[in-house]
Structure formats: structure tokens, C-alpha cells
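Right, one structure below, let's go through it.
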Protein chains: 2
Amino acid sequence: MSYSIGQVADKLSISPYTLRYYDKEGLLPFVDRNQAGRRRFKDNDFNFLEVIVCLKEAGVPVKQIGNFIDLCMTGDTTLEDRYDFLNEHEAKLEAKMARLQHTLDFLRWKKWYYKTALQAGTERIHYLPGTNQVDPAVHAEFNQLVADGADPKDLGNLPEGTAKA
Amino acid sequence: MSYSIGQVADKLSISPYTLRYYDKEGLLPFVDRNQAGRRRFKDNDFNFLEVIVCLKEAGVPVKQIGNFIDLCMTGDTTLEDRYDFLNEHEAKLEAKMARLQHTLDFLRWKKWYYKTALQAGTERIHYLPGTNQVDPAVHAEFNQLVADGADPKDLGNLPEGTAKA
DNA sequence: ATAGAATCTAGAGCTAACTCTAGGTCAAGC
DNA sequence: GCTTGACCTAGAGTTAGCTCTAGATTCTAT
């Protein structure tokens with residue numbers, strides 16, 4: 001079986017423009033052409049495409065993905081380099097996910113902050129008396145709820161039946 | 001206490017250029033100026049900055065962060081909008097983290113693929129006999145190892161003492 | 001008092017990753 | 001046979017998010 005650029009684009013949910021751009025950047029040296037010069041993707045090419053899509057999602061720049069594909073085309077002498085490359089990006093992705101988890105935690109605390117303000121009808125309940133400054137104790141209060149076993153994912157949710165004015 | 005743009009930049013580990021750019025984009029309407037027109041950040045401003053940094057990390061575009069800050073400056077009438085905004089971006093971030101988890105899983109399987117190839121000295125061990133195409137059973141084999149209780153985070157790691165030729 | 005560092009604004013410049021246009025080729029259906 | 005639509009290349013255009021430059025203050029430390 002072989003596939004046109006349009007078919008591949010549909011399967012991967014990316015545009016043919018993008019695929020041609022990737023080709024221009026050296027990401028698709030494995031793709032064959034027919035007599036008319038049109039790209040014909042083979043079944044095995046999807047193994048490469050899968051890797052490209054994965055690395056993209058992991059946030060690896062196109063140029064570096066190109067370097068990796070180059071290694072792949074070179075053969076067994078580059079196996080260690082390829083391993084190291086994936087190892088490095090695994091570590092980076094783990095670090096990124098840890099950061100995103102902190103970000104998510106923060107978002108959830110702020111959601112709780114607004115849930116409680118909303119229920120009180122005013123943000124002033126979180127301010128230090130007589131000021132417009134947020135009372136640091138409010139964040140501590142939220143942390144205490146979490147420490148006491150509440151699920152931070154639920155704490156910021158509005159109770160059922162809250163009217164959407 | 002008040003802080004100069006340079007001090008804030010240091011604290012947040014971003015450049016003063018970037019802070020001015022954010023200001024230009026409407027993200028910092030709360031920042032005061034001294035007689036000479038220089039920005040003076042207050043302690044309470046860090047609550048906003050924290051939110052801005054968080055939303056940036058969550059992947060929210062600068063313009064949308066600006067919209068959120070506008071809501072904040074408007075007062076209690078926007079509490080629900082602000083809650084909805086955070087709620088929406090919490091959901092998006094959760095979805096993104098799920099995608100990244102799949103990406104990480106894939107990266108780990110490929111690491112194992114190269115670990116085993118490296119140990120065999122050639123990638124051919126993963127090809128269908130007599131071809132240059134990857135045997136789909138190889139991925140299935142990895143999945144089986146995981147199903148049997150192996151930690152995918154460890155499976156791809158090279159054993160200790162592997163020489164770094 | 002003055003040199004050097006930090007700040008200001010306006011606006012130009014940069015990079016990554018597309019995204020599209022123009023002008024042409026090719027294959028399939030009427 | 002001819003039209004329609006997918007494909008081709010080269011190269012221009014776009015967007016986001018900075019990043020820097022120039023020229024003019026202003027602050028800090030000797």
C-alpha cells in the first residue's frame with residue numbers, strides 16, 4: 001500500500017502544507033516519489049511519522065527532529081546517539097510535566113479563590129481588612145484544606161445547581 | 001516595599017524587555033510609576049505576576065492573559081467570568097497533560113526499542129525477516145512487558161556499567 | 001559633580017513554525 | 001478532449017513572542 005500526501009495529512013490531522021514544510025526541512029527523506037514526482041508514503045513510513053509527531057508534541061524543535069531522522073537514515077552506527085537523544089528528551093518532558101503539574105495546582109487554588117469570592121459576592125473577603133491586598137492567609141487556608149485530605153481537583157468546583165446568571 | 005523592573009525581572013527570571021512587552025500588551029495595568037515615570041512594583045503586584053506566569057506556563061496566549069487581567073481590574077462584577085476563565089484553562093491543561101503522558105509513553109517505548117537494538121548491535125533485530133520494515137510484533141512485545149507489570153520508565157534504561165564508547 | 005548603570009519610549013528586528021500564492025503538471029470522470 | 005481537483009516547487013506572507021536599538025532621562029556611588 002502507498003499513500004498520497006493528502007491521505008497522510010488526513011490520517012495525521014495536519015495539513016499537506018505542513019507535511020511539505022517538514023519535507024523541506026529534511027524530516028521526510030524516506031518518502032518515495034512516483035514517476036510524476038509526487039510523494040508516495042509507504043506503510044513503514046508511518047513509523048517515522050509517528051516519531052516525528054511524538055517529538056513535535058514533546059516540544060522538540062523541527063531542526064532537532066531533522067537531526068534525529070538523519071541519524072535514523074545513517075544506520076546502526078548511530079544507535080547510541082539515537083538512544084541518547086530519546087533519553088534526553090524523555091528527561092526534558094518529565095521535567096516539563098512536573099512544571100505543568102505545579103501550574104495546574106496553582107490554577108486550582110486560584111479557582112477555589114474565585115469560587116469562594118463568588119459565593120461571598122465579593123473578592124473583598126480575601127483582602128486584608130481596610131486594604132486591596134490579598135491576605136496571604138487565604139492561600140494558607142487552601143493549603144490546609146488540601147493537607148487535610150481534600151482533593152484539589154474538586155475544591156474549586158462550584159456546587160451543582162449554581163445558576164449561570 | 002516597592003521594586004524596580006530589574007528587581008522584578010530577577011525574581012521572576014525573565015528579562016526586563018519581556019516585562020515591558022507584557023506591559024505594552026496590557027498585562028500590567030496595576031503597576032505604579034514614580035515621578036520620573038519609572039515602574040514601581042508593589043508587594044501585592046506579585047499576586048498578579050504569579051497568575052501571569054502561571055497562565056503563560058499553561059500555554060495561554062498573552063492576549064488572553066490580558067483579557068483576564070482586564071477582568072481583574074474591573075471588579076466584583078467579573079468574578080464569574082474569571083472563574084470560568086480559570087475553569088476552562090484548567091480543563092485545557094488537564095487535556096494537554098494527558099496528551100503529554102501519551103507522548104512520554106511513546107518516547108519510553110522507543111527508548112526500549114533502541115536499548116534492545118543497541119544491545120543486539122543492530123536495528124535489524126526489529127525488522128521483519130528479509131525487509132527493512134519494523135515488525136509490529138516488537139511494539140506488542142513491549143506492551144506485553146508493561147502489561148506484565150514492568151515499569152515503562154525503567155524498561156528503556158540501559159543497565160549500569162554500559163560503556164559510553 | 002560626574003561617570004556608569006538602570007530606566008524610559010518607540011519602533012525595528014528576529015525566529016520558529018507554519019500557511020499561502022503563483023504558476024505549472026498530472027490523473028480521473030463526463 | 002476537457003475540466004476539475006490533487007499535487008508539485010519556489011518563495012512570499014503571517015503570527016506570536018519576544019529581543020534589541022537608539023536616543024533620552026534618571027539614579028547611584030565616588
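Scope of the values below: all heavy atoms of this structure, side chains included, with no hydrogens, waters or symmetry mates. Proteins get letters first, then strands, A, B, ... in listed order; numbering begins at 1 in each.
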For dT7(C) and Ser4(B) - does any side-chain N or O of the residue sit under 4.0 Å from the phosphate oxygens OP1/OP2? yes

Under 4.0 Å between a side-chain N/O of Thr18(B) and OP1 or OP2 of dT19(D), yes or no? yes

To the nearest Å, give me how far apart [atom1] ([X]) and [atom2] ([N]) are.
X: Arg40(B); N: dT26(D); atom1: CZ; atom2: P; result: 15 Å
X: Leu12(A); N: dC18(C); atom1: CG; atom2: P; result: 13 Å
X: Asp23(B); N: dG17(D); atom1: CG; atom2: P; result: 16 Å
X: Glu25(A); N: dA10(D); atom1: CD; atom2: C1'; result: 14 Å
X: Tyr17(B); N: dA10(C); atom1: OH; atom2: P; result: 17 Å
X: Gln64(A); N: dA16(C); atom1: CD; atom2: P; result: 11 Å
X: Asp32(B); N: dT7(C); atom1: CG; atom2: C1'; result: 16 Å
X: Ile14(A); N: dT19(C); atom1: CD1; atom2: C1'; result: 13 Å

Note: for Gly6(A) and Tyr21(B) on DNA chain D, the residue whose nearest nucleotide lies more 5' is Gly6(A)

Given [options], identify the nucleotide with an atom nearest to the side chain of [X].
X: Arg39(B); options: dC8(C), dT21(C), dA17(C); answer: dC8(C)
X: Ile5(B); options: dC18(C), dT21(C), dT7(C); answer: dT7(C)
X: Tyr22(A); options: dA16(D), dG17(D), dC18(C); answer: dC18(C)

What pairs with Arg39(A) under side-chain hydrogen bond (donor to acceptor under 3.5 Å, both in side chains), at least two apart in sequence or on another chain? Asp23(A)

Quick one: list whatever passes side-chain hydrogen bond (donor to acceptor under 3.5 Å, both in side chains) with Thr103(A), sequence neighbours left out. none

I want to check something: taking the side chain as every heavy atom from C-beta on, are Arg108(A) and Trp112(A) in contact at a cut-off of under 4.5 Å? no

Pairs under 3.5 angstrom only: tabulate donor-acceptor contacts from the side chains of residues 140-152 of chain B to other protein residues two or more places apart or in another chain.
{"unit_1": "Gln144(B)", "atom_1": "NE2", "unit_2": "Asp148(B)", "atom_2": "OD1", "d": "3.0"}
{"unit_1": "Asp151(B)", "atom_1": "OD1", "unit_2": "Lys153(B)", "atom_2": "N", "d": "2.9"}

Is it the case that [X] and [Y] place a side-chain donor and acceptor less than 3.5 Å from each other?
X: Tyr114(A); Y: Glu80(B); value: no
X: Asp43(B); Y: Tyr3(B); value: yes
X: Lys111(B); Y: Asn87(A); value: yes

Could you pull out all residues at least two apart from Arg99(A) that satisfy salt bridge (Lys or Arg N to Asp or Glu O under 4.0 Å)? Glu57(B)

Classify [X] by what it touches in the nucleic acid, base, sugar-phosphate, or nothing, heavy-atom distance under 4.0 Å.
X: Arg33(B); answer: sugar-phosphate
X: Arg20(B); answer: base
X: Pro16(A); answer: nothing

Anything under 3.5 Å between a protein N or O and an N or O of nucleotides 27-30 of chain D, put it in a table, one pair a line.
none

Under 3.5 Å, which protein N or O atoms sit close to an N or O of nucleotides 11-13 of chain D? Give each pair with its distance.
{"unit_1": "dG11(D)", "atom_1": "N7", "unit_2": "Lys24(A)", "atom_2": "NZ", "d": "3.4"}

Are the aromatic ring centres of His102(B) and Phe106(B) under 6.0 angstrom apart? no

In short, Asn44(B) meets Asn47(B) closest at the heavy-atom pair OD1-ND2, 2.8 Å

